[in-house]
J.: 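Pasting a structure below so you can have a look.
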Amino acid sequence: MRVGIIGAGQLGRMLALAGYPLGIQTRFLDPNANGSGGQVGPVVVGEIDDAARIDALARQVDVVTFDIENVPVDTLRAGTADSIVRPPPEALSIAQDRLNEKQLFGRLNIPAAPYMPIASLGDLERAPDALGWPIVLKARRLGYDGRGQRLVQSAAELEVAWRELGRVPSLAEGWVDFERELSLIAVRGSDGATAFYPLAENVHVDGILHTTTAPYQDERTQSRAEDYLALMLAELDYCGVLTVEFFLADGELMANEIAPRVHNSGHWTIEGAQTSQFENHMRAIVGLPLGGTSPTGFSFMLNLIGELPDRERLLKIAGLHLHDYGKTPRPKRKIGHCTLVTATEEERSVRADELIAVAGIP
Ligand SMILES: Nc1ncnc2c1ncn2[C@@H]1O[C@H](COP(=O)(O)OP(=O)(O)O)[C@@H](O)[C@H]1O
Ligand SMILES: [Mg+2]
């Protein structure tokens, strides 16, 4: 079984590492042969928007998948005309455009933040009448880790936000005064078998995921989230891992965005669940039975952003798992993460404080 992964970032690296024990061989397509993924598996060197290079990868493998969301869908389709691509490119095309995401939520009656499509400054100037203040202006395409969006607090700031985002097709979104941010990860096999991980609670700082704590235990919310993902999996005839980010506001879920791939808020599953999200994605796309998704303890994940803290001090923390992605440090860049899994919630909170102190993060 050979899997081709378009993009060789840390997600691809962790997919490859999860595939080896199952006997799955991995190959990447990436412009960088020595990046995060390239350090653990062979790379077909090429741009991810080059159909001929995608085709070169596809010919060497049984299934093509991706670790990055901005592969142009037409190029992907052209480069994989005779190949199996999982998850389906249709899911990718929805995740690439925030308007498509909102329309998917609307079609399936899944609650989401109120929004207006924005094509001009005039549209944007009308948005606060419908949405109130503040509003979040989000570029429809290519945003991630809080990039490609602006919080707009007053009429005077509208023009600046529009200009700073590059006057591109956007969405204006109403501000959600959420209590928490949660995410749910589902996996669906090629035979339609489906499994859900427990909800995870996420804290973002400056739009970038900072910590994940899992499981978030609330039966009613869990079952509602599972219902929403089940609708999306069926609608998209999905195969592989699907993640949905939610806001919890007034006790109710509102979908924020979808990721048709393994997700940063699921990194805790490597040590904290029976089967990791990475292994389950690999199992699903090559047609193997799915593994159990039960948590094995209480998990806490801290992202390492910009630079790595002192490795020796980190590793002195009892039970700590360090993941260094092998990336060049750069401000705001995700270069690693740490996970703790404990037997009790109390112990998790003690260890998490210790970790945050050692990592030198406020
Ligand atoms: N409408 C909103 N109301 C309140 N906070 C928001 C809203 N939209 C986004 N955010 C905050 O910004 C973060 C990043 O936004 P998101 O839409 O998930 O984009 P990205 O693709 O960058 O992850 C969210 O996780 C949340 O913390
Ligand atoms: Mg997000």
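Ligands are counted one by one from 1 in listed order, and the atoms in each one are counted from 1 as well. Residue indices begin at 1 and follow the sequence shown.
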J.: Cut-off 3.5 Å, no hydrogens considered: what does the side-chain donor-acceptor table look like for residues 170-179, sequence neighbours left out?
T.:
from	atom 1	to	atom 2	distance (Å)
S170	OG	V168	O	2.7
E173	OE1	K138	NZ	3.1
E173	OE2	K102	NZ	3.1
E173	OE2	K138	NZ	3.2
E179	OE1	G251	N	3.2
E179	OE2	D250	N	2.5

J.: Does any N, O or S atom in E257 come within less than 2.8 Å of the Mg ion (ligand 2)?
T.: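 Under 2.8 Å: E257 contacts the Mg ion (ligand 2) through an N, O or S atom.
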
J.: Looking only at the side chains, is there a donor atom on one of Q10 and H337 sitting less than 3.5 Å from an acceptor on the other?
T.: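 No, no side-chain donor-acceptor pair sits under 3.5 Å.
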
J.: Under a strict 4.0 Å criterion on non-hydrogen atoms, which protein residues are in contact with ligand 1?
T.: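 Residues near ligand 1: R98, V136, K138, G143, Y144, D145, G146, Q149, E173, G174, W175, V176, F178, E181, H204, E245, F247, N256, E257.
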
J.: Do N70 and Y144 have a side chain donor and acceptor closer than 3.5 Å?
T.: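 Short answer, no.
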
J.: By side-chain hydrogen bond (donor to acceptor under 3.5 Å, both in side chains), which residues pair with R53, not counting sequence neighbours?
T.: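 For R53 there are no side-chain hydrogen bond (donor to acceptor under 3.5 Å, both in side chains) partners, ignoring immediate neighbours.
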
J.: My understanding is that only one of I185, L229, T293 makes a side chain to side chain contact (heavy atoms under 4.5 Å, CB included) with F196; could you say which?
T.: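 Testing F196 for a side chain to side chain contact (heavy atoms under 4.5 Å, CB included) against I185, L229, T293 leaves exactly one candidate, L229.
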
J.: Tell me every residue that passes salt bridge (Lys or Arg N to Asp or Glu O under 4.0 Å) with E354, counting only those two or more places apart in sequence or in another chain.
T.: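 Once residues adjacent in sequence are excluded, the partners of E354 under the salt bridge (Lys or Arg N to Asp or Glu O under 4.0 Å) criterion are R351.
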
J.: With no hydrogens and no angle check, do the side chains of D49 and T75 hold a donor and an acceptor under 3.5 Å apart?
T.: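 Absent: no donor and acceptor within the cut-off.
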
J.: Specify which N/O/S atom of E245 comes nearest to the Mg ion (ligand 2), by atom name.
T.: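 Closest to the Mg ion (ligand 2) among those atoms: OE1.
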
